[in-house]
Undergrad: 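Before we start, here is the structure in question, set down as structure tokens.
Residue numbering restarts at 1 for every chain, and letters A, B, ... go by the order of the sequence lines.
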Amino acid sequence: MSTTPTDKLAEADLEEIRNERVTFERTPDMPTEHMILNFGPQHPATHGTLHMVLELDGERVAGATPHLGYLHTGFEKLGEYRSYNQFVTLTDRMNYLSPLCNNIGYSHAVEKLMDIEITPRCRDIRVALAELSRLADHLLCIGTAALDIGAFTAFLYGFRAREVLYDLFEAVCGTRLTTSYTRVGGLLRDVPDNFAEMARESVEETLRATAEIDRLLTHNRIWRDRTEGVGVLSAEDAVAWGATGPVLRASGVEWDIRKNEPYLGYETYDFDIPIGRNGDAYDRYLVRMEEIRQSAKIVRQAVEDLPLGPVNAEEEHAVLPEKSEVYESMESLIYHFKMTMEGHGPTPPVGEVYAATEAPNGELGFFIVSDGSREPYRIRVRPPSFVNFSLFPMLIRGHMLSDVVAVLGSLNVIAGELDR
Amino acid sequence: MVVDPMILEGAIALVKIGILLGVVFTSVAYLTFMERRVSALIQDRLGPNRVGPMGLLQPLADGIKFMWKEEFIPANADRVLFAIAPVMILVPALLIFAVIPAGGEVTIPAFTLFGLQIQETTTTLQIIDLNVGILYVLGMTSIAVYGIALGGWSANNKFTLLGGIRSSAQMISYELSLGLSIVGILMLTGSLQMSQIVAAQDGFLDWFIFRQPLAFLIFVIAAFAENNRLPFDLVECEQELVGGFHTEYSSMRFSMFMIAEYASMIAASALMATLFFGGWHMPFEDLVGPGLVTLYQVAGFLLKTAFFLFVYIWVRWSLPRFRYDQLMAIGWKVLLPLALLNVVITGIWMLV
């Protein structure tokens with residue numbers, strides 16, 4: 001019989017139930033029972049609407065059952081009734097901490113399906129914005145993990161730098177949270193003139209905050225006691241459960257889509273992939289800290305000598321023409337009409353595609369099936385948080401109640417991604 | 001009419017209690033304000049600065065807000081215990097102040113009030129100088145455990161129950177170290193009386209911080225744990241237990257818990273100043289004029305207390321929180337042996 005992770009879990013369950021019976025028999029006069037604690041859906045540590053039913057043996061967690069469905073939004077189903085460009089706005093709302101990464105990942109998938117080559121300028125802007133989103137996401141993840149363990153100040157240091165990043169997103173996309181910046185074959189609009197300068201400034205601010213958090217936490221005895229050896233994930237389990245991103249790399253597996261299956265020209269950038277050794281919450285923290293520094297390097301390289309030229313590909317059937325041309329030329333007006341009117345828009349050929357990008361929390365994949373119409377036949381999203389969250393019951397088993405928040409914080413579960 | 005000395009003594013005690021309560025409640029109110037402003041300073045924020053000049057009326061606004069909130073009692077709560085718990089934690093916290101001396105003897109000159117002739121009297125700036133002062137303090141801190149445990153139990157909520165259980169375990173374990181850390185001082189002074197302990201620290205170099213540094217360290221850590229402040233705030237840690245033992249409390253009952261927490265913080269800071277930093281004794285007392293020396297001493301005592309309060313806030317906003325088992329391990333495996341060691345060292349030192 002093959003031992004899949006599910007079997008292992010069932011065995012552990014049985015083992016525990018057996019042990020439980022023994023304790024009951026030993027103390028017939030004073031039987032004990034486990035306490036069921038509803039952790040969420042409204043709870044300060046869940047950062048979103050998560051629900052976990054914890055089975056507590058005193059302070060020890062005997063079992064945890066995550067419940068999903070509190071934020072079910074039906075994004076995937078909605079996608080079947082939206083044109084390819086309209087779906088971009090829905091991707092924002094999945095991981096609301098790094099919406100740009102979702103925009104980019106989705107557009108990347110559609111472009112792969114339609115075989116569109118994006119311009120060099122668009123490519124570099126996308127890389128810079130994806131990495132800036134990664135900075136914002138990691139700052140928040142580390143911050144909330146620290147907040148849950150009681151270090152409020154580290155959280156606010158991260159938030160301060162994040163504010164600068166969000167100002168940049170606002171300048172570029174017009175919005176801070178619901179960016180909806182990419183379009184099939186290009187971008188909503190070009191970046192402002194001082195984009196490179198702003199990007200460099202926000203990177204500086206992020207690195208400053210990272211250094212401050214580093215000084216507050218990395219060698220802090222209490223922080224290390226709380227995170228070291230907590231929620232240990234072995235490399236085999238990480239691969240078997242399909243963990244990706246910092247969670248996988250902290251377990252010592254060197255896998256990053258940016259390196260292993262480069263997209264958007266990531267192979268031309270000089271950066272390293274940090275990996276951990278023990279796979280515990282502390283390593284996940286360290287990996288994220290180092291990824292911030294590496295992403296900062298990528299942003300600097302991307303905005304250095306940003307190529308000039310258009311941000312939209314020369315694809316009349318997929319990309320809106322320049323507004324000035326719409327007023328001047330007949331063809332452009334027709335293409336504009338064909339792109340924007342109901343029942344028109346970018347139309348990929350019949351086929352299916354799976355394209356994955358490295359989002360801050362791991363592999364963000366979009367699987368799109370096209371039946372040749374203006375709307376996708378089916379869109380399926382592979383959200384990194386959803387897969388990483390499935391590890392939670394295994395990681396928390398046998399730990400203390402306080403470790404629930406430490407493990408949850410180190411996995412960085414985004415509730416919006418759990419139910420699409 | 002000459003006032004009977006007995007009645008006069010009682011009247012003075014009542015006046016002192018009134019002043020003390022006023023000072024403590026005002027300090028509690030402004031300590032919450034100080035906490036918010038200092039935490040803002042640490043975190044690059046501004047903090048409350050809208051109500052009144054520099055936000056100085058913020059505590060008043062908070063108080064009014066608390067009073068107008070709904071006083072909610074959960075359906076299945078034990079209503080009697082639920083109502084008693086905040087009182088049981090607030091009253092002991094305030095009673096500790098009775099034995100803390102804020103200054104030396106002061107002389108009230110003779111004067112006439114509403115035709116009553118009041119003779120010249122001397123009194124100490126302390127409500128009562130119990131001969132078991134320190135034991136009284138430790139006893140009062142022990143009673144506070146009941147308030148938290150009952151508050152956690154009576155609300156009939158799993159989170160408050162966990163908070164209550166944690167607190168009783170935590171406070172009982174740390175009380176041991178707290179008590180033992182003071183033993184060294186008691187051995188050196190040979191008295192449990194607060195005034196004697198302060199008198200033993202007459203000169204600057206006699207301060208117990210120089211003679212009992214290890215005891216001070218243990219006392220500070222244990223006091224942090226006693227007051228349930230970060231890094232030992234497992235009792236109410238909001239990220240795990242929502243609000244801990246006071247999750248279900250609201251309105252003035254909740255604010256009584258807050259007042260008690262801050263009052264016991266002030267009491268602990270005052271104790272640190274009294275036991276280890278010379279109490280109201282200050283260096284260079286001789287240089288200050290005889291008329292101002294009492295003022296100088298009281299101001300010095302308040303400054304020392306304020307400094308330790310600042311340390312409380314500083315630590316809270318810098319450190320993460322311990323886990324329950326780690327907290328127990330530190331209490332029993334580190335602090336308790338160290339406190340015993342301190343007693344042994346003090347004993348040897350006294351013999352040699």
Undergrad: On the 0 to 90° scale, with breaks at 30° and 60°, tag the A:H51-A:H67 ring pair as parallel, tilted or perpendicular.
TA: tilted
Undergrad: Name the region of A:D225, side chain, backbone, both or neither, that has any atom closer than 4.5 Å to a heavy atom of chain B.
TA: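 Both parts, heavy atoms under 4.5 Å.
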Undergrad: Report the C-alpha separation of A:F155 and A:F159 in whole Å, then their side-chain angles, then the decisive distance to 0.1 Å, and conclude whether the ring-ring contact (aromatic ring centres under 6.0 Å, His included) test is met.
TA: CA-CA 6 Å; A:F155 168 70; A:F159 241 72; 4.9 Å; yes
Undergrad: With A:R160 as the cation and A:Y157 as the aromatic partner, state whether NZ or CZ is under 6.0 Å from the six-membered ring centre and within 45° of the axis.
TA: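 Cation-pi check for A:R160 and A:Y157: fails.
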Undergrad: B:D325, B:D44, B:I42: which one forms the most heavy-atom pairs within less than 4.5 Å of chain A?
TA: B:D44
Undergrad: Which heavy atom of B:P231 sits nearest to which heavy atom of B:L319, and what is that distance?
TA: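 Smallest heavy-atom distance, with atoms named: CG-CD1, 4.0 Å.
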Undergrad: Given heavy-atom pairs under 4.5 angstrom as the criterion, report whether the side chain, backbone, both or neither of B:Q326 touches chain A.
TA: side chain
